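In each ligand, atom 1 is the first atom listed, and ligand 1 is the first ligand listed. What you are looking at is a predicted structure, and each value in this text was computed from that prediction instead of being measured.
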Amino acid sequence: MVDLQSQYAKIKDIVDPSIQDVMDNATFINGPKVHEFQKNLENYLGVKHVIPCANGTDALQIAMMGLGLQPGDEVITADFTFAATVEVIALLQLTPVLVDVDPVTFNIDVAAIEKAITPKTKAIVPVHLFGLPAEMDAIMALAKAHNLYVIEDNAQAIGASYTHKDGSKTKAGVIGDVASTSFFPSKNLGCYGDGGAIFTNDDELAHAIRGIVNHGMYERYHHDVVGVNSRLDSIQAAVLDAKLPHLDAYNNARRDTARKYNEAFNNHPNIIIPSGLTECEGICDTCDCHVFHQYTLNLKGVDRDALVVHLQSKNIPCGVYYPIPLHRQKAYMDDRYNESDFPVTNALIKSVISLPMHTELDDEQIECITSTVLSFIDSNK
Ligand SMILES: *Cc1c(COP(=O)(O)O)cnc(C)c1O
């Protein structure tokens with residue numbers, strides 16, 4: 001699904017000295033590289049504060065802690081996402097409220113959010129799933145009307161732009177009150193281990209969060225709040241700082257691959273190609289609305305699981321993100337949920353398939369993947 005070895009071979013010349021620098025200085029924790037990367041990412045995103053931390057799951061948890069959410073507060077998020085999002089809500093003893101997603105974008109359904117709001121609701125967590133920003137204008141308007149926080153889970157969409165109704169653009173992760181991201185190796189900006197960060201334009205919140213990531217300390221050995229220990233280590237920051245200048249090129253390479261996949265699959269009666277690229281083309285001067293963390297097809301009248309087995313037999317990697325809705329996971333089941341509340345997620349888990357997507361795919365590989373998918377579908381009608 002990803003090819004981190006080929007990518008590393010191309011940037012070895014800049015990554016290795018950056019790591020070596022940390023070794024030579026032995027500044028493994030909170031070294032200058034962490035600060036440099038933080039500043040460079042702030043500039044790239046156009047956000048006032050980036051607070052690095054240990055991983056994307058911590059980033060979400062710390063964002064919620066920083067907002068002062070209290071046990072029993074309800075937090076609305078999507079049923080169709082990676083479990084980390086709902087996990088930290090539950091861990092903080094907040095009440096997760098899962099809602100359905102949009103069948104076209106796979107992102108949280110704004111009408112479903114509105115229906116789920118109660119007097120106890122305190123926050124909405126839109127996930128920019130597979131690299132396409134959620135409908136942020138509508139979500140921000142809803143949040144404003146109901147006095148709710150918006151925490152963007154930007155683990156899959158770093159570098160993507162959101163196009164507002166007036167045509168202006170903002171980077172995903174800089175629209176809500178606060179956002180989290182992950183630098184897990186396979187993410188669009190990945191390090192060589194674990195890493196994450198929190199973004200916000202709010203000075204007070206940034207200050208609160210900087211203490212929380214460091215044991216609740218704002219002054220050495222004075223613990224004002226209960227915090228955590230969550231740091232981005234200097235070696236990972238060195239990798240990320242070397243890779244950040246390549247992020248736009250990496251995302252462009254992903255979009256080029258998506259465009260080629262789209263050309264092969266477009267207008268096929270059994271295949272719905274992902275949204276966010278064709279719509280964008282011709283509207284945006286620079287098409288950067290989708291960064292294709294995943295390239296995900298929605299199949300109609302195809303035995304998806306048989307296609308998975310077929311691709312595996314041909315040594316073509318593929319993935320099913322996500323095979324089980326969160327509302328049906330043992331850890332997150334709740335009597336409040338009705339199956340009829342999740343028609344879209346319940347259908348998507350059976351019909352989606354994600355194809356290899358990374359920065360190093362060449363035309364020959366893409367052609368092999370698309371022809372194998374198409375010949376399976378066309379011969380199994
Ligand atoms: C990867 C991911 C996370 C968690 O990131 P980690 O760094 O693995 O903790 C959270 N949310 C989403 C949507 C993700 O894809």
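Looking only at atom types and distance, the side chain of N346 has a donor-acceptor partner in the side chain of E339 under 3.5 Å away. One side chain, D16 or Y8, offers a donor N or O that lies under 3.5 Å from an acceptor on the other. A donor and an acceptor atom, one from each side chain of D241 and N40, are located under 3.5 Å apart.
Using bins of under 30°, 30° to 60° and over 60° for the plane-to-plane angle, the ring pair F292/H290 lands in the parallel bin.
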Every pair of nitrogen or oxygen atoms between ligand 1 and the protein that is under 3.5 angstrom apart - can you list them with their distances to 0.1 Å?
| unit_1 | atom_1 | unit_2 | atom_2 | d |
| --- | --- | --- | --- | --- |
| ligand 1 | 5 (O) | S182 | OG | 3.3 |
| ligand 1 | 7 (O) | G56 | N | 2.8 |
| ligand 1 | 7 (O) | S182 | OG | 2.7 |
| ligand 1 | 9 (O) | N55 | OD1 | 3.4 |
| ligand 1 | 9 (O) | G56 | N | 3.3 |
| ligand 1 | 9 (O) | T57 | N | 2.8 |
| ligand 1 | 9 (O) | T57 | OG1 | 2.5 |
| ligand 1 | 11 (N) | D153 | OD1 | 3.4 |
| ligand 1 | 11 (N) | D153 | OD2 | 2.8 |
| ligand 1 | 15 (O) | Q156 | NE2 | 2.8 |
| ligand 1 | 15 (O) | K187 | NZ | 3.0 |

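If you run side chain to side chain contact (heavy atoms under 4.5 Å, CB included) between P52 and each of D233, N30, L232, only L232 comes through.
Around atom CD of E36, more than 12 heavy atoms belonging to other residues, nucleotides or ligands sit under 6.0 Å away.
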